[in-house]
Trainee: 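A single structure is presented below for examination.
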Amino acid sequence: MDGEFTERVLQVVERIPSGRVLSYGAVAALVHERHRGLGGGPRQVGRVMSLYGDVVPWWRVVRADGRAPRCHEATAIERYRAEGTPLRAGEAAVDMRIALWTPDR
DNA sequence: CTCTTGACGCCGG
DNA sequence: TCCGGCGCCAAGA
């Protein structure tokens, strides 16, 4: 791949269950939590997704307010409908209070 | 070395 | 809801 940070990010995203999501910030926090000292914030997670997102369920990583990643809303929404991800009524955004994944452990 | 750019986040207006 | 501003930080130019 590219670096350890990239690998850790992809690992986390890979484990997000169908129908659930994580925000960019949450992914960054998880990586940081499991590997103290390994830098990288939400923006770096977004960078990893733009480069290697095609090998993981990238649509399960959304912005903090539940909206899908920029310029990929259409495809993401399709996936949400396909896997039954809870959406906010009348909006093209995930209902974070229900869909936010909390990895056990 | 100094900008500029992002699949971002948060607060305020 | 839609801005604008600031923080963030790696990668390019």
Side-chain angles (χ1 to χ4, degrees):
Chain A
M1 273 302 146
D2 198 13
E4 188 179 353
F5 180 72
T6 297
E7 240 185 88
R8 297 297 276 168
V9 168
L10 295 180
Q11 276 176 27
V12 170
V13 176
E14 214 165 27
R15 294 170 51 193
I16 304 175
S18 172
R20 310 296 299 281
V21 300
L22 278 184
S23 68
Y24 290 91
V27 173
L30 277 172
V31 171
H32 193 270
E33 172 193 310
R34 297 164 137 238
H35 222 122
R36 296 281 171 178
L38 190 53
R43 309 200 68 130
Q44 281 54 249
V45 173
R47 188 177 196 314
V48 172
M49 295 309 284
S50 71
L51 296 174
Y52 312 98
D54 53 334
V55 300
V56 292
W58 57 266
W59 59 90
R60 293 176 190 158
V61 180
V62 301
R63 298 195 247 167
D65 61 6
R67 284 176 297 173
R70 290 193 177 285
C71 306
H72 297 267
E73 294 84 357
T75 31
I77 295 297
E78 281 180 36
R79 313 312 305 237
Y80 302 147
R81 283 199 295 132
E83 57 186 53
T85 306
L87 303 176
R88 295 204 301 251
E91 293 175 69
V94 173
D95 188 331
M96 297 303 274
R97 296 184 309 177
I98 306 176
L100 187 59
W101 179 51
T102 308
D104 8 313
R105 157 172 129 64

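All chains are named by letter (A, B, ...) in the order of the sequence lines, taking the proteins before the strands, and each is independently numbered beginning at 1. Treat the numbers as computed from the prediction; the structure is a model and nothing was measured.
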Trainee: Rounding to a whole Å, what distance do you find between Leu38(A):CG and dA10(C):C1'?
Mentor: 13 Å
Trainee: Give the rounded distance in Å between these two atoms: CG of Leu22(A) and P of dG9(B).
Mentor: 12 Å
Trainee: Write down the distance between CZ (Phe5(A)) and C1' (dC8(B)), rounded to a whole number of angstrom.
Mentor: 12 Å
Trainee: Any N or O donor-acceptor pair linking the side chain of Arg47(A) to the base of dG6(B) at under 3.5 Å?
Mentor: no
Trainee: For Arg67(A) and Gln44(A), find the nucleotide of DNA chain C closest to each by heavy atoms; which residue's nucleotide sits nearer the 5' end?
Mentor: Arg67(A)
Trainee: Look at all strands and tell whether Gly41(A) reaches a base, only sugar-phosphate, or nothing, counting heavy atoms closer than 4.0 Å.
Mentor: nothing
Trainee: Grab the CH2-P distance between Trp58(A) and dC8(B) for me, whole Å please.
Mentor: 12 Å
Trainee: Reckon Glu73(A) touches a base, only the sugar-phosphate, or nothing at all at heavy-atom distances under 4.0 Å?
Mentor: nothing
Trainee: Who passes salt bridge (Lys or Arg N to Asp or Glu O under 4.0 Å) against Glu73(A), sequence neighbours left out?
Mentor: none
Trainee: Round to a whole Å and report the spacing from CZ of Arg70(A) to C1' of dC2(C).
Mentor: 11 Å
Trainee: With distance as the sole criterion, is a donor-acceptor pair present between the side chains of Arg8(A) and Gln11(A) under 3.5 Å?
Mentor: yes
Trainee: Rounded to the nearest 0.5 Å, how far apart are CD of Gln44(A) and CG of Leu38(A)?
Mentor: 11.0 Å
Trainee: According to salt bridge (Lys or Arg N to Asp or Glu O under 4.0 Å), who are the partners of Glu4(A), at least two apart in sequence or on a separate chain?
Mentor: none
Trainee: Between C1' on dC11(B) and CZ on Arg63(A), what's the gap in Å once rounded to a whole number?
Mentor: 17 Å
Trainee: Categorize Pro42(A) for me: base, sugar-phosphate, or nothing, with a 4.0 angstrom heavy-atom threshold over every strand shown.
Mentor: sugar-phosphate
Trainee: Rounded to the nearest Å, what distance is computed from the CG atom of residue Asp65(A) to the P atom of nucleotide dC10(B)?
Mentor: 9 Å
Trainee: Working note: Tyr80(A) + Ile77(A), criterion side chain to side chain contact (heavy atoms under 4.5 Å, CB included); need CA distance, chi angles, decisive distance, verdict.
Mentor: CA-CA 5 Å; Tyr80(A) 302 147; Ile77(A) 295 297; 3.8 Å; yes
Trainee: Send over the distance from Arg43(A) CZ to dG7(C) P, rounded to a whole Å.
Mentor: 13 Å
Trainee: Between dA7(B) and dC6(C), how far apart are the two P atoms, rounded to whole Å?
Mentor: 22 Å
